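For reference, the structure discussed in these notes is given below.
All values reported here derive from a predicted model rather than from experimental measurement. To find a chain, count down the sequence lines: A is the first, B the second, and so on, and within it residues start at 1.
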Amino acid sequence: MSEQEPRDFIRQIIHDDLESGKHSEIVTRFPPEPNGYLHIGHVMSICLNFGVAAETGGRTFLRLDDTNPGKESPEYVDAIKRDVHWLGFDWEDRLTHASDYFGQLHDSAVRLIELGVAYVDSLSAEEIREHRGTLTEPGTNSPFRDRSVEENLDLFRRMHAGEFGDGEHVLRAKIDMASPNMNMRDPAVYRIRHIPHQNAGDEWCIYPMYDFAHGLSDAYEGITHSLCTLEFEDHRPLYDWFLDQLQPEHRPRQIEFSRLNLAYAITSKRKLSALVEEGIVNGWDDPRMPTIAGMRRRGYPPAAMREFVKRAGVTKKDKLIEMGALETCVRDTLGDVAERRMAVLRPLKVVLTNYPEGQVETMEAMNHPANPEMGTREMPFSRELWIEQDDFMEEAPRKFFRLKPGGEVRLRFGYIIKCDEVIKNDAGEVVELRCSYDPDTRSGTGSSDRKVKGTIHWVSCEHAIDATVRLYDRLFTEANPNAASDFHSVLNPNSLETISARLEPALGELAAGQAVQFERLGYFCADEKDDADEARVINRIVTLRDSWAKLEKQAMQKQG
RNA sequence: UGGGGCGUAGCCAAGCGGUAAGGCAUCGGGUUUUGAUCCCGUGUAUCGCAGGUUCGAAUCCUGCCGCCCCAGCCA
């Protein structure tokens, strides 16, 4: 018997509803409006909705909540479908649109009028706002509130027939203009919009509002639990009110949970599109974007995203989760499966003075240190090599166990070498190291047990592949850029660094979308758009944990 | 000064009247031809505050404080 994982409050409700027999099957829906790209916040909702249904043998609809034409487009619905699939979820034949129900929704609106609980208001939008009152003062009734059922029916029919211009009339629910809940002060139900719809074409010129369409769409689909974020909590009485009036066959229940916010990221659609439009990033799928498309292009595996939201949990408390938590999930899932390779990001030349000129040896390198079954690949070794600039220090602190003048280091899967001479240019910069290798220390041979404190990675100059590598950092300098009055003021100017690197030959065959670990550096993948066989373009997904860098940073801070 | 929510360690989060799980981060240590991984160990948490009920309260009651959301013919 395994321990029961603690249930979040939503799964608890669902569990209870199944146990009590209230429902025999759980049906959920993920209902994005196709007016932008999905982001990290949506990942939570997707995993929750598809997750609870899958766990209980239920079903989930992917419903495009397209009740507001003009803001929505097929480009976004394509992106949404792609992103949900990529995350690992399948709606099978349950792809729907709120617009699929426009006919039923219209009939229900007529029913509301017949019941005497909806009326056509002919006030302007501004007048309606004035009548609404404020948070502390009640609103006042519209002079059109008491129109007869016949007149309302006629007016609504003519709205539908296209006899009026946008904004001339609006259908409103007749509830309570004095309600302390603003949503209950005679909310709009249908408005006139003479623009084509992304799915329904030009069939309609009146469109239902979210509050009216959502609960009924849920009911039509037999949704049992309609899960949404906290800002809709105040809408629940209205959600229930429509269901009370219309008594559909199925009665869905709305439950709210808190959004997931990621530190150093924004999720406002307005700001996200500003980043794109102002050219601050290169598109919605820029690897720095907190969009699903961006994270996919960055190389984050879907399993890591799922694990991340699982660890975050489902509650009603506002969360601002540290970036490190996501990165840990990415490292955790990539660590087991990513093959290891070697690449030098900032090359420094090493010449092995005692290594025969023209000689090339083949070193066997493991593709994964913990999984020998993942095989090996061959790495050419020669007299001239590239090593990382960071792996050499002329005046090194005692705990620095990489290369230093007179010091020794092991070349991973190669030989132990010793630094004999440092070559500098006129500016005094180190441009080359003259080293000697110990022929008895070849990796894997019996006599190779000699220990040195450090092991560094390398690439043979003659055999190296040139590549452009993009190093990404957080887009913002503030943990909560959402709170900044102007997000431009908290942009990280160094969120992208492009460098020219040298790769080991095996990386010539790096497949698109395949993540690899560059040993001692991090996880990388070929960019899905810009990479080509002739010109490699590689993204850094995430660095490895680096306790040496941490020590260095602490030392720097101590010095002031 | 209206209504609706939320407050458990730096960030998440269990807990549902019987004396504070876990994850991430942090800090130690071990293993290691990736300073990675892995493995151990590491937290005086005034359970927002103050009262009350109770043998016993993070859990129940009262009052207060703080934060979030709501005045679209957006979702």
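- In this structure, A/Phe413 places its CZ atom 16 Å from P of B/U32, rounding to the nearest Å.
- Here A/Arg132 reaches the OP1 or OP2 of B/G72: one of its side-chain N or O atoms lies under 4.0 Å away.
- Taking the P atoms as reference points, B/A13 lies 9 Å from B/U8, given to the whole Å.
- Counting only distance, with no hydrogens or angles, the side chain of A/Arg410 and the backbone of A/Thr441 share a donor-acceptor pair below 3.5 Å.
- Base engagement by A/Gly167 is indicated by at least one non-hydrogen atom pair under 4.0 Å involving a base atom.
- Contacts between residues 35-43 of chain A and RNA chain B, defined by a heavy-atom separation below 4.0 Å, involve no residue at all.
- Among A/Asn261, A/Thr267, A/Ile292, the single residue meeting the side-chain contact (heavy atoms from CB on, under 4.5 Å) criterion with A/Ile40 is A/Thr267.
- Side-chain nitrogen and oxygen atoms of A/Arg7 include none within less than 4.0 Å of the OP1 or OP2 phosphate oxygen of B/A14.
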Along nucleotides 34-40 of chain B, 5' to 3', which nucleotides get a B, which get an S, and which get a -, given that the test is a protein heavy-atom distance under 4.0 Å?
BBSS---
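- The glycosidic torsion of B/G72 lies within 90° of 0, which places this base in the syn conformation.
- Results of the ring-ring contact (aromatic ring centres under 6.0 Å, His included) test with A/Phe212 over A/Phe102, A/Trp241, A/Phe242 single out A/Phe242 as the only residue that passes.
- Among B/C73, B/C27, B/A75, the nucleotide with an atom closest to any side-chain atom of A/Lys550 is B/C27.
- Between A/Ala325 and A/Pro208, it is A/Ala325 whose nearest contact on RNA chain B lies nearer the 5' terminus.
- As rounded to the nearest Å, B/C47 and B/C55 have P atoms that lie 22 Å from one another.
- Listed pair A/Thr315 / B/A13 meets the phosphate criterion, a side-chain N or O lying under 4.0 Å from OP1 or OP2.
- Between A/Tyr190 and the options A/Tyr119, A/Phe156, A/Tyr210, A/Tyr207, a ring-ring contact (aromatic ring centres under 6.0 Å, His included) holds for only A/Phe156.
- Closest approach to the A/Lys319 side chain among B/C12, B/A75, B/A71 is made by B/C12 (side chain taken as heavy atoms from C-beta onward).
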Going 5' to 3' through nucleotides 1-7 of chain B and flagging B where a protein heavy-atom sits under 4.0 Å of the base, S where only the sugar-phosphate is that close, and - otherwise, we get -BBSSSS
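- Looking at which nucleotide of RNA chain B each of A/Glu322 and A/Asp8 is closest to, the 5′-most match is held by A/Glu322.
- Rounded to an integer number of Å, the gap from CG of A/Leu262 to P of B/A25 is 15 Å.
- The phosphate of B/G72 (OP1 or OP2) has no side-chain N or O of A/Arg193 nearer than 4.0 angstrom.
- The number of heavy atoms from other shown groups lying within 6.0 Å of CD (A/Gln389) is above 12.
- Residues A/Glu33 and A/Asn35 bring a donor and an acceptor atom of their side chains to less than 3.5 Å of each other.
- Of the candidates A/Arg412, A/Arg402, A/Arg520, A/Glu519, A/Arg412 is the only one forming a side-chain contact (heavy atoms from CB on, under 4.5 Å) with A/Thr455.
- Distances shown here put every side-chain N or O of A/Gln12 at or beyond 4.0 Å from the OP1 or OP2 atom of B/G15.
- Judged by distance alone, the side chains of A/Ser226 and A/Gln254 never bring a donor and an acceptor atom under 3.5 Å apart.
- Using a 4.0 Å heavy-atom distance criterion, A/Ser258 is classed as making no nucleic acid contact.
- Nucleic acid contact for A/Thr67: sugar-phosphate only, since backbone atoms but no base atoms lie under 4.0 Å from a heavy atom of the residue.
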